[in-house]
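No hydrogens, no waters, no symmetry mates; every other heavy atom, side chains included, goes into these values.
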Amino acid sequence: RLHMSIFGAILGKGFKKKSAEVQAEMAKKVNRDLVQAAVYGCFFIASSDGELEESEIKKTQKLINNEPLMKGFGAELNGLIDIAEASDVDGSRRIIKQRAKKEMEDLAHDPEAADIVMNIIATVADEGGMGDAEKAALTLAAEWMNLSIKDYL
């Protein structure tokens, strides 16, 4: 009996540790989805008027870095921003739109995550004033995430 209770205690600790690791990994994946949707969403919105401004990129970085659920993605965040910025420079706004749509649709089942992303991209859209192109892009983004645009304008 003693051996069984020791074995059970060891197994229990191992199981709890593994369970915590799996939960942490799942949370990181969910947060990665948030980061990806926010980055590509911001670049989609910011480039919708035909001009991606440095202030919009800096605002994107700042907003994401200040969001508690998106902490710990420093190098990955910078890599995503570099890729998105390179796509814009290469004139590949369609690629940015396609990626933004995919990443935002991944959040359509999670209203809380979608709300976080929508608030971030709406803030970036408002950098320097929000024109018709940004409003149209925000409307699309809201649709992709099953949100109502009127809640964000």
Side-chain angles (χ1 to χ4, degrees), residues 14-153:
F15 181 75
K16 286 179 185 176
K17 181 179 178 187
K18 192 52 113 176
S19 177
E21 289 171 5
V22 168
Q23 287 178 343
E25 197 57 40
M26 287 176 63
K28 186 162 183 153
K29 187 199 177 325
V30 169
N31 293 351
R32 181 173 286 116
D33 288 345
L34 263 173
V35 170
Q36 291 170 340
V39 169
Y40 286 105
C42 286
F43 273 79
F44 169 60
I45 297 299
S47 65
S48 65
D49 63 358
E51 187 178 341
L52 180 62
E53 297 174 20
E54 188 64 31
S55 65
E56 293 169 321
I57 296 170
K58 287 186 186 310
K59 177 74 85 174
T60 297
Q61 286 177 303
K62 183 176 182 180
L63 291 169
I64 291 172
N65 282 325
N66 288 337
E67 172 53 49
L69 291 176
M70 296 188 211
K71 295 259 186 234
F73 286 93
E76 191 171 340
L77 172 61
N78 292 335
L80 280 170
I81 287 174
D82 290 346
I83 291 167
E85 191 172 7
S87 294
D88 184 71
V89 170
D90 292 342
S92 302
R93 289 197 181 101
R94 286 186 190 110
I95 300 300
I96 291 174
K97 180 180 179 182
Q98 174 192 13
R99 191 66 191 261
K101 182 177 190 248
K102 181 210 170 294
E103 299 301 341
M104 288 185 205
E105 285 177 341
D106 287 350
L107 300 182
H109 66 282
D110 186 345
E112 183 181 341
D115 183 58
I116 290 168
V117 170
M118 194 64 188
N119 278 302
I120 289 171
I121 64 175
T123 302
V124 170
D126 207 22
E127 179 75 12
M130 193 183 308
D132 291 338
E134 287 100 347
K135 286 179 185 172
L138 279 173
T139 300
L140 272 177
E143 288 173 15
W144 296 336
M145 294 187 286
N146 289 329
L147 299 171
S148 173
I149 189 62
K150 68 179 177 2
D151 296 333
Y152 300 93
L153 293 178

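Closest approach of Trp144 and Ala108 over heavy atoms only: O-CB, 3.6 Å. The two residues Val124 and Ala46 have their closest heavy-atom pair at CG1-CB, 4.2 Å. Between Ala38 and Ile121, the shortest heavy-atom distance links the atoms O-CG2, 4.1 Å. Minimum heavy-atom separation, Ser48 to Ala137: CB-CB, 3.7 Å.
For the atom pair OG1 of Thr139 and CD1 of Ile149, the computed distance is 4.5 Å after rounding to the nearest 0.5 Å. To the nearest 0.5 Å, the span separating CE on Met104 from OH on Tyr40 amounts to 12.0 Å. In this structure, Leu107 CG and Asp33 CG are separated by 6.0 Å, a value rounded to the nearest 0.5 Å. Rounding to the nearest 0.5 angstrom, the gap separating the CG atom in Leu140 from the CD1 atom in Ile45 is 8.0 Å. Rounding to the nearest 0.5 Å places CD1 of Ile96 at 4.5 Å from OG of Ser47. Atom-to-atom distance recorded for Leu147:CG and Leu138:CG is 11.0 Å, nearest 0.5 angstrom.
At least one side-chain heavy atom of Met145 sits under 4.5 Å from a side-chain heavy atom of Met118. Taking 4.5 Å as the limit, some side-chain heavy atom of Tyr152 sits within range of a side-chain heavy atom of Asp115. With contacts defined as side-chain heavy-atom distances shorter than 4.5 Å, the pair Glu103/Arg99 qualifies. Side-chain contact between Glu134 and Asp126 is absent, with no heavy atoms from C-beta onward closer than 4.5 Å.
Other residues, nucleotides and ligands contribute only 12 or fewer heavy atoms inside 6.0 Å of the CG atom of Asp132.
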